[in-house]
Trainee: 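Below you will find the structure I want to go over with you.
Model, not experiment: these values are computed from the prediction.
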Amino acid sequence: MSAPLMLRYEGDGEFKPAAPYWARQADRDFVVGMTYRLVEHQERSTATHNHYFAAINEAWQSLPDHLMAEYPSPEHLRKKMLIRAGYCDETTIVLGTKADAMRVAAIAKGLDEFAIVVPRENVVTIYRAQTQSYKGMDRKTFAESKEKVLDAIYALLGVPTPERAKKAA
């Protein structure tokens with residue numbers, strides 16, 4: 001199936017494609033007579049998306065010098081904070097020796113500069129940030145991840161957010 005199908009509610013329980021284009025998409029993707037589950041797709045606004053990336057860029061520009069090696073770009077900052085906030089995919093590889101684990105860790109880091117790679121004895125764990133693209137993350141999850149990532153960045157910078165200011169008081 002392709003992108004979400006645009007439907008218009010006609011009343012009496014009927015949904016119809018919103019335009020001829022969407023009717024053609026429905027004909028291509030669905031079988032007449034089959035039952036499909038309808039789920040509302042709520043797109044996030046471009047404004048909130050742009051605000052998020054602007055806030056990350058602004059925060060990155062105010063990073064102290066000692067953090068620049070760890071976060072050499074706003075994208076490094078965003079992806080590492082996504083991982084630390086739990087919005088990541090984890091891969092664990094068990095190897096025969098600690099030396100093998102160190103070699104695999106070096107290779108893994110070279111394949112994804114944004115990943116957090118943790119070798120422990122003969123085990124390598126690779127954490128990769130989940131995508132926040134419009135297609136890859138729904139509106140609710142994006143809103144949650146946005147809040148957690150920005151909170152983590154503000155904590156890193158020592159900037160109080162309204163929530164942390166209330167707790168400190």
Side-chain angles (χ1 to χ4, degrees), residues 1-9 15 17-19 21-22 25-26 28-29 36-93 104-120 124-169:
M1 190 163 113
S2 61
L5 185 65
M6 297 293 294
L7 303 172
R8 180 177 50 248
Y9 183 62
F15 286 88
Y21 169 83
W22 296 109
Q25 294 299 310
R28 187 193 75 199
D29 293 341
Y36 297 92
R37 183 180 309 265
L38 175 67
V39 177
E40 182 182 9
H41 175 78
Q42 297 180 351
E43 293 185 14
R44 62 180 175 249
S45 74
T46 302
T48 190
H49 187 87
N50 291 345
H51 167 266
Y52 173 62
F53 285 91
I56 289 171
N57 189 50
E58 185 178 327
W60 178 77
Q61 290 179 18
S62 63
L63 282 177
D65 288 345
H66 72 277
L67 293 176
M68 292 306 278
E70 186 175 357
Y71 308 105
S73 72
E75 191 71 356
H76 285 86
L77 179 62
R78 181 180 71 86
K79 288 192 174 190
K80 287 189 177 189
M81 290 301 153
L82 270 168
I83 293 167
R84 292 193 175 118
Y87 295 91
C88 62
D89 298 314
E90 178 181 331
T91 303
T92 301
I93 305 168
V104 168
I107 292 168
K109 191 62 184 157
L111 293 174
D112 185 348
E113 67 180 302
F114 303 111
I116 295 177
V117 180
V118 181
R120 285 193 188 104
V124 177
T125 306
I126 304 163
Y127 302 92
R128 294 179 55 229
Q130 293 176 347
T131 181
Q132 289 184 300
S133 69
Y134 284 97
K135 189 174 182 178
M137 189 177 276
D138 64 52
R139 183 174 82 167
K140 181 177 183 262
T141 307
F142 177 79
E144 291 168 353
S145 67
K146 173 185 172 181
E147 182 179 339
K148 288 181 181 174
V149 165
L150 291 177
D151 281 350
I153 291 171
Y154 298 146
L156 178 71
L157 294 172
V159 176
T161 61
E163 275 301 306
R164 269 190 272 122
K166 285 180 193 173
K167 290 177 184 176

Trainee: Quick one: do K140 and E144 make a salt bridge, cutoff under 4.0 Å?
Mentor: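 A salt bridge links K140 with E144.
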
Trainee: Within the side chain of T48, is there an N or O that forms a donor-acceptor pair under 3.5 Å with the backbone of S45?
Mentor: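 Side chain of T48 to backbone of S45, a donor-acceptor pair under 3.5 Å: no, none is there.
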
Trainee: Please examine the side chains of Y154 and L150, heavy atoms only from C-beta on, and report whether any two atoms are closer than 4.5 Å.
Mentor: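 L150 vs Y154: side chains touch.
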
Trainee: Would you please test R128 and I83 for side-chain contact (heavy atoms from CB on, under 4.5 Å) and show each step?
Mentor: CA-CA 7 Å; R128 294 179 55 229; I83 293 167; 5.6 Å; no

Trainee: Determine the minimum heavy-atom distance between L77 and I56, stating which atoms define it.
Mentor: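 Heavy atoms of L77 and I56 come nearest at CD2-O, 4.1 Å.
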
Trainee: Do the ring centers of F142 and Y134 come within less than 6.0 Å of each other?
Mentor: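 That pair fails the under 6.0 Å test.
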
Trainee: Please report the shortest heavy-atom distance between P72 and W60, naming the atom on each side.
Mentor: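 Heavy atoms of P72 and W60 come nearest at O-CZ2, 3.2 Å.
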
Trainee: Under 6.0 Å from the ring centre and within 45 degrees of the ring axis: does the NZ or CZ of K79 meet both conditions for the six-membered ring of F114?
Mentor: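 Yes, K79 and F114 form such a contact.
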
Trainee: With a sphere of 6.0 Å drawn around CD of E58, does it hold more than 12 non-hydrogen atoms of other residues, nucleotides or ligands?
Mentor: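 Not buried by this count: 12 neighbours or fewer within 6.0 Å.
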
Trainee: Say you draw a straight line from CD1 of I126 to CG of L111; how long is it, rounded to the nearest 0.5 Å?
Mentor: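 Going from CD1 on I126 over to CG on L111, the span is 8.0 Å.
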
Trainee: Does the side chain of S145 come under 3.5 Å of the side chain of Q132 through a donor N or O and an acceptor N or O?
Mentor: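 Yes.
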
Trainee: Please determine if E70 and R84 form a salt bridge, counting it only when a charged side-chain N lies under 4.0 Å from a carboxylate O.
Mentor: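 Salt bridge present between E70 and R84.
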
Trainee: Which value, rounded to the nearest 0.5 Å, describes the distance between L156 atom CG and L63 atom CG?
Mentor: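 It comes to 6.0 Å.
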
Trainee: May I ask you to test the T125-P119 pair for a side-chain heavy-atom distance under 4.5 Å?
Mentor: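 Not touching, per the 4.5 Å side-chain cut-off.
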
Trainee: Give the minimum heavy-atom separation between S133 and G136, together with the two atoms involved.
Mentor: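 Heavy atoms only, the tightest pair is OG-N, 2.9 Å.
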
Trainee: Between M81 and A152, which heavy-atom pair has the shortest distance, and what is it?
Mentor: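 For M81 versus A152, the nearest heavy atoms are SD-CB, 3.6 Å.
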
Trainee: Checking side-chain polar atoms at under 3.5 Å, does K146 have a donor or acceptor matched by the opposite partner on H51?
Mentor: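 Indeed, the side chains of K146 and H51 share at least one donor-acceptor pair under 3.5 Å.
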
Trainee: What distance separates T131 OG1 from Y87 OH, expressed to the nearest 0.5 Å?
Mentor: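 Going from the OG1 atom of T131 to the OH atom of Y87 covers 14.0 Å.
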
Trainee: Give, for atom CG of L7 and atom CZ of F15, the distance between the pair rounded to the nearest 0.5 Å.
Mentor: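 Going from the CG atom of L7 to the CZ atom of F15 covers 7.0 Å.
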
Trainee: Do you know which two heavy atoms are closest between C88 and Q130, and how far apart they sit?
Mentor: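 Looks like O-NE2, 3.4 Å.
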
Trainee: Can you name the nearest heavy-atom pair linking V149 to R78, along with the distance?
Mentor: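 The pair with the smallest heavy-atom distance is CG1-O, 4.4 Å.
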
Trainee: Before you tell me yes or no, could you show the steps for V117 and V124 under side-chain contact (heavy atoms from CB on, under 4.5 Å), namely the whole-Å CA-CA distance, both residues' side-chain angles and the distance that decides it to 0.1 Å?
Mentor: CA-CA 7 Å; V117 180; V124 177; 3.8 Å; yes

Trainee: Have T46 and H49 got a donor and an acceptor in their side chains that come within less than 3.5 Å?
Mentor: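 Note: T46 and H49 side chains miss the donor-acceptor criterion.
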
